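Bear in mind the structure is a predicted one, so any value in this text is a computation, not a measurement. Below, chain A is the first sequence line, B the second, and so on; all start at residue 1.
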2 protein chains.
Amino acid sequence: MKAATVYDVAAHAGVSIATVSRVLRRPADVRASTRERVLASVQFLGYVPSASARGLAARRTGVLGLFFPSIDDEDDSTEVPFVQDTSVRIVVDIPDSGEVRPPNLYFDEVLRGSEREAWRHGFALMVGVGRGTNPAEMVNDIAGRVDGMAVLARSVPDDLLDHVSRRIPVVLIAGPRRGDDYDHVSVSNTEGMQALTEHLLVTHRITEPVYVAGPADSPDDAERYAGFVQALAAAGIDATALPVLRGDFSRIRARDLAEELLAAGSLPRALVCGNDQMALGFLDVFGPAGVRVPEDVIVTGFDGIEAGRLSTPRLTTVHQPMADLGRAAMRAMLSRLQHPDQPPITSRLPVKVLLRESSEGPV
Amino acid sequence: MKAATVYDVAAHAGVSIATVSRVLRRPADVRASTRERVLASVQFLGYVPSASARGLAARRTGVLGLFFPSIDDEDDSTEVPFVQDTSVRIVVDIPDSGEVRPPNLYFDEVLRGSEREAWRHGFALMVGVGRGTNPAEMVNDIAGRVDGMAVLARSVPDDLLDHVSRRIPVVLIAGPRRGDDYDHVSVSNTEGMQALTEHLLVTHRITEPVYVAGPADSPDDAERYAGFVQALAAAGIDATALPVLRGDFSRIRARDLAEELLAAGSLPRALVCGNDQMALGFLDVFGPAGVRVPEDVIVTGFDGIEAGRLSTPRLTTVHQPMADLGRAAMRAMLSRLQHPDQPPITSRLPVKVLLRESSEGPV
DNA sequence: CCCCCAACTGTATGCGCTTACATTCCGTCG
DNA sequence: CGACGGAATGTAAGCGCATACAGTTGGGGG
């Protein structure tokens, strides 16, 4: 099964390879009768053009890359059963059993948007999710295969980024600009959290909301906290005087914080969480403990993940357009490819505050 | 910013291009001192090898492809805001508002598994999600860029599949073999449904379960129904005598079926659904209508999606290892690449029956 | 009936890298 | 001390396609 090449098609159709190439790239430049003859040969021979050859000759691959670090590092050991295995296991699945994998919705959505936008503009998409070990190799590999790549901010060492950016344009997703010249796309973290906080202050007359922070090195969380502080300041409240709970964006850790809060017996009127997962962690504990949300305590999140729409009560949150983030990243790259010398792009996408029962009370 | 090539590196390091290539591909073949000199030049020049050139020369791209049809065709019109837009919209999000996007978990999971397995074996992954219009172009494009591709069964016309399979190996995901010679990977639909049904018959002494079918042309649903029938047959029950509800795998349609059932006032003791979405649709209607699950009617699903774990009551279902499906698909392709002449692979992955409150009663 | 131009088509080159084969090194053994 | 052989490196030939440029064809105008 030797794959057919332009030469095979050309010979079969009785034309030169240039004509075959034209039929595929610029059909209008070829006489209709010739074109049809060539296409018939393409069909007959099962010809599929080699992207490698085309990429080499045309000096562009027509592929955009997307790299994310892996959040949940799944076990690497498990081998996929390769042969037939039609066994069925029956499991009594108790709630909260270890079978739960926190779905990395964020990545899924960004990927979806990226994929869509790339193809829409005639580009294919290559994805890489960095495994714990060495993203370096992977990023470098991808860089050699694409015309440009988008990378989650902070997920790749600066020097590596420098290195690959000498070959192709790089777009950073979701981080703030840090004195670099890369193109950036992110969402309005600050404004979103500010709007949400302001709503709590004004509509619900909360005066001492407690912020539940994410990891200290998260730029996203920092921006969100800034919005929180600004809203308070605008209302004449000094945020630095208020306590802050330090979480790590995980649901598990948030549950611990919730337990501690209950143990201490000092529930604030409102918990403003840096992301949805943590907010859900609080709900996990409050429900069974008899703490009513939002009557006893208001809980809000940030992200707008699916689980927050399915929880009881449903979670008030700030929804960020994750798919659009991916799309914007691709757009930025395409723009950069067309205008290599334009100034660095900074794209900020709008967010949406979703008021639901965890803050508004039962409908 | 002209990208560096082997020639540049060779010149800078004072060696031939062959040596540069060796340093990158087979470091052991090069003397340590030379190697270091070359690597230093690579670093200095910001050299990233071109995958196009390598692919051409080595006759393999090192990329595996994955193609899925798009289930939810998002609107194509929306343009992503490209400039800064830090506006924040505040929305009172009432339950079941149109904001719901049915998450295509299935694809996400398969993709995740595929990505993982591909990179694990030194291959990159290229993804394509067919937009409504012409998957043909997309599949052909991908086929030209990869060493092999996996495709969701039934998502690509047979003749197209034939065409591209003359160039690269193709693996079909999730469909039954249909007299073709492609490699197939799928899950134990029949066995899983059989085990679940048997459980209902034996443990709960159900005698007349009603099957809720998916689209008539769904091979997966056909296999599941077969398992249902077999379990009944084993218990001496003739399935053909029982009514079957015809759904279409969607939650919406299932809700209609549920309404009809209530209107007719003839609830069966158990509803065995062909997938989770439909089962959830029944729950959506039963809850508010005062029909108790599982006391009045048992409802089961198939797939094991996240939403079924978050519903009230939680859904008894058959969980299929979606990520493993992706992994198995990649494995099959890699195996095929190594042994082009081996007989067609048929890989069936085991499933797991998850007993939860929608069939087992409150814990 | 011939010339000229536009529309097509063919020729030839090179994209950047891998790799078979040739050549050069250099330590070893006789 | 010289021949020998494996290790290291260099040479050169493509891989399959795009494309600049040259050549050919077919009419239409003069």
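- The phosphate of D/dT19 has neither OP1 nor OP2 within less than 4.0 Å of any side-chain N or O from A/S21.
- For B/Y7 against C/dC17, a side-chain N or O and a base N or O form a donor-acceptor pair under 3.5 Å.
- Within the structure, every side-chain polar atom (N or O) of A/S52 is placed at least 4.0 Å from both OP1 and OP2 of D/dC17.
- The distance between atom CD1 of B/I17 and atom C1' of C/dT18, rounded to the nearest whole Å, is 9 Å.
- Under 4.0 angstrom from either OP1 or OP2 of D/dA18 there lies at least one side-chain N or O belonging to A/R54.
- The nearest whole Å value for the distance from the CZ atom in B/R59 to the P atom in D/dG16 is 6 Å.
- Taking 3.5 Å as the limit, the base of D/dG10 and the side chain of B/R22 contain a donor-acceptor pair of atoms between them.
- Between A/L111 and A/F68, every side-chain heavy-atom pair lies at or beyond the 4.5 Å cut-off.
- Of the listed nucleotides (C/dC15, D/dG16, C/dT19), C/dT19 has the atom at the smallest distance from the side chain of B/A18.
- Rounded to an integer number of Å, the gap from CZ of B/R60 to P of C/dT18 is 11 Å.
- Between A/R31 and C/dC8, a side-chain N or O to OP1/OP2 separation shorter than 4.0 Å is absent.
- Distances from the side chain of B/T19 to the nucleotides C/dG16, D/dT9, D/dC15 place D/dT9 closest.
- Taking 4.0 Å as the cut-off between side-chain N and carboxylate O, B/R336 and B/D183 count as a salt-bridged pair.
- The phosphate of D/dC15 (OP1 or OP2) has no side-chain N or O of A/S50 nearer than 4.0 angstrom.
- The side chain of A/R25 contributes an N or O atom lying less than 4.0 Å from OP1 or OP2 of D/dA18.
- Phosphate proximity of C/dG10 to A/S16: present, with a side-chain N or O under 4.0 Å from OP1 or OP2.
- In this structure, of C/dT9, C/dG14, D/dC15, it is C/dG14 that holds the atom nearest to the side chain of A/A57.
- With B/W119 as reference, B/E115 is the one residue of B/E115, B/H121, B/E117 to meet the side chain to side chain donor-acceptor pair (under 3.5 Å) rule.
- Here D/dG6 presents its C1' atom at 13 Å from CG of B/D29, a figure rounded to the nearest Å.
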Derivation and outcome, side chain to side chain contact (heavy atoms under 4.5 Å, CB included), residues B/V15 and B/V38: CA-CA 8 Å; B/V15 298; B/V38 171; 4.0 Å; yes
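- Nucleic acid contact for A/V15: sugar-phosphate only, since backbone atoms but no base atoms lie under 4.0 Å from a heavy atom of the residue.
- Residue-to-nucleotide proximity on DNA chain D shows that, of B/A58 and B/R37, the 5′-proximal contact is made by B/R37.
- Distance alone, capped at 3.5 Å, places no donor-acceptor pair between the B/R327 side chain and the B/R116 backbone.
- Following rounding to the nearest Å, A/R26 (CZ) and D/dC17 (P) show an atom-to-atom distance of 18 Å.
- For the pair B/L24 CG and C/dT19 C1', the interatomic distance rounds to 15 Å; values are reported in whole Å.
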